[in-house]
Amino acid sequence: MTDVAEGWRAVLGRVQAAATRAGRPGGSVELVAVSKLQPPEAIRAAYAAGARAFGENYAQELRDKAEALSDLQGLRWHAIGPLQTNKARYVARSAHVFHALDRLEVAQELSRRRTGAPLAVYVEVNVAGEASKSGIPPAALGPLLAAVRPLPGLALVGLMTMPPLAPAEEVRPLFRALAALGREHGLAGLSMGSTHDFEVAIEEGATVVRVGTAIFGERPPRGAPA
Ligand SMILES: *Cc1c(COP(=O)(O)O)cnc(C)c1O
């Protein structure tokens, strides 16, 4: 089993080094520890090492972990997976940030269900076209952003992309394209980069990286007892 504290410190060091190489302040990139399918004890170990932002893909798993770990002060949950309207309430209740907004109906439901501070949201863009399934095409971005901006329960903070699994240099143009779309639409936040490509994403302007395997080790299969 991976030493989670060690994994967290190693990835944080690589994030800061990549930011420095790119001529950006070391603290300008947020590291989200993607804990989906990992047991709560693994999250506690990363928290003890200093991690505060955790990424979860599945709405009910997020709900259950938020409850089980509610004693951890200052922990921020990032919902990063695709979301169905009928599960939006779990994200509205437990998450601080949602990275995978790709439909107006989900945005409306999240806004309706949200109480307290607005939920920070990233709109997911499919910059690769056919090769990856989630996210909206760049051409649909303008109308969706215009419809999401006035929703009172949401705070639009940026764009997100999840490129197909490919060598990092092959996905660099996709990260660059997302950064260009962010500039075009006046959005400063860029959620891009995971275990295989986060350093390249940082070089292309990522403000948030979502890293799981490099911190926690391989994930248990979905459906296995945590
Ligand atoms: C699982 C997941 C990650 C983390 O992937 P790793 O390869 O384990 O770093 C990042 N983003 C999203 C959307 C994910 O689903």
Side-chain angles (χ1 to χ4, degrees), residues 1-4 6-15 18 29-39 42-43 45-46 49 51 53-62 65 76-84 87-88 90-91 94-103 106 110 119-128 131-136 157-172 174-175 178 189-224 226:
M1 181 169 162
T2 312
D3 182 333
V4 171
E6 187 98 332
W8 162 257
R9 281 190 290 266
V11 172
L12 185 61
R14 286 170 61 192
V15 165
V29 181
E30 183 179 20
L31 171 57
V32 175
V34 176
S35 49
K36 64 177 178 220
L37 305 176
Q38 300 289 353
I43 296 176
F54 291 90
E56 291 288 337
N57 282 57
Y58 311 107
Q60 281 118 319
E61 185 180 346
L62 168 64
K65 283 176 168 168
R76 290 168 58 80
W77 292 109
H78 291 242
I80 64 173
L83 184 61
Q84 304 297 319
K87 296 190 180 145
Y90 303 131
V91 168
S94 301
H96 299 79
V97 186
F98 178 47
H99 290 243
L101 187 62
D102 63 358
R103 275 185 303 136
V106 170
L110 285 169
L119 178 67
V121 296
Y122 293 82
V123 169
E124 183 171 359
V125 185
N126 180 354
V127 270
S132 75
K133 290 144 257 122
S134 49
I136 62 164
V157 293
L159 303 178
M160 178 274 219
T161 198
M162 184 75 192
L165 194 59
E169 285 306 325
E170 283 176 33
V171 298
R172 184 186 291 278
L174 304 178
F175 294 147
L178 192 75
L190 294 173
S191 169
M192 56 189 197
S194 54
T195 289
H196 294 287
D197 51 23
F198 70 87
E199 282 147 321
V200 167
I202 290 168
E203 288 167 15
E204 296 301 331
T207 60
V208 188
V209 294
R210 311 174 309 267
V211 179
T213 310
I215 295 173
F216 294 104
E218 291 298 328
R219 279 180 282 278
R222 198 175 177 195

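Keep in mind that this is a model prediction, so the values were computed, not measured. Below, each value reflects all heavy atoms present in this structure, side chains not excepted, and no hydrogens, waters or symmetry copies. Numbers here simply count residues along the sequence, with the first being 1. Whatever order the structure lists them in is the order used to number ligands and atoms, beginning at 1.
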Element-labelled atoms of ligand 1 that are located less than 4.0 Å from some non-hydrogen atom of Gly212
4 (C), 6 (P), 8 (O), 9 (O)

Could you tell me the residue and atom name of the protein heavy atom closest to atom 6 (P) of ligand 1, and the distance to it rounded to 0.1 Å?
Thr195 OG1, 3.4 Å

With a cutoff of 4.0 Å, is His99 in contact with ligand 1, counting heavy atoms of the residue only?
no

With heavy-atom distances below 4.0 Å as the criterion, list the atoms of ligand 1 near Val211.
9 (O)

Under 4.0 Å from a heavy atom of Thr213: give me the atoms of ligand 1 that qualify, with their elements.
6 (P), 7 (O), 8 (O), 9 (O)

On the 0 to 90° scale, with breaks at 30° and 60°, tag the Phe54-Phe216 ring pair as parallel, tilted or perpendicular.
tilted

Once rounded to the nearest 0.5 Å, what's the spacing between atom CD1 of Ile202 and atom CD of Glu199?
6.5 Å

Counting C-beta onward and ignoring hydrogens, is there a side-chain heavy-atom pair between Val4 and Gln38 closer than 4.5 Å?
no

For atom 2 (C) of ligand 1, what is the nearest protein heavy atom, given as residue, atom name and distance?
Lys36 NZ, 2.5 Å

Starting from atom 5 (O) of ligand 1, find the nearest protein heavy-atom neighbour and note its residue, name and distance.
Ser194 CB, 3.8 Å

State, with a plain yes or no, whether a side-chain heavy atom of His99 is found less than 4.5 Å away from one of Met162.
no

Identify, for atom 11 (N) of ligand 1, the protein heavy atom at the shortest distance, and state residue, atom and that distance.
Arg210 NE, 2.9 Å

Which of these passes side chain to side chain donor-acceptor pair (under 3.5 Å) with Ser35: Glu61, Lys65, Arg219, Glu56?
Glu56

Note: Thr161 and Val125 closest approach over all heavy atoms is OG1-O, 2.8 Å

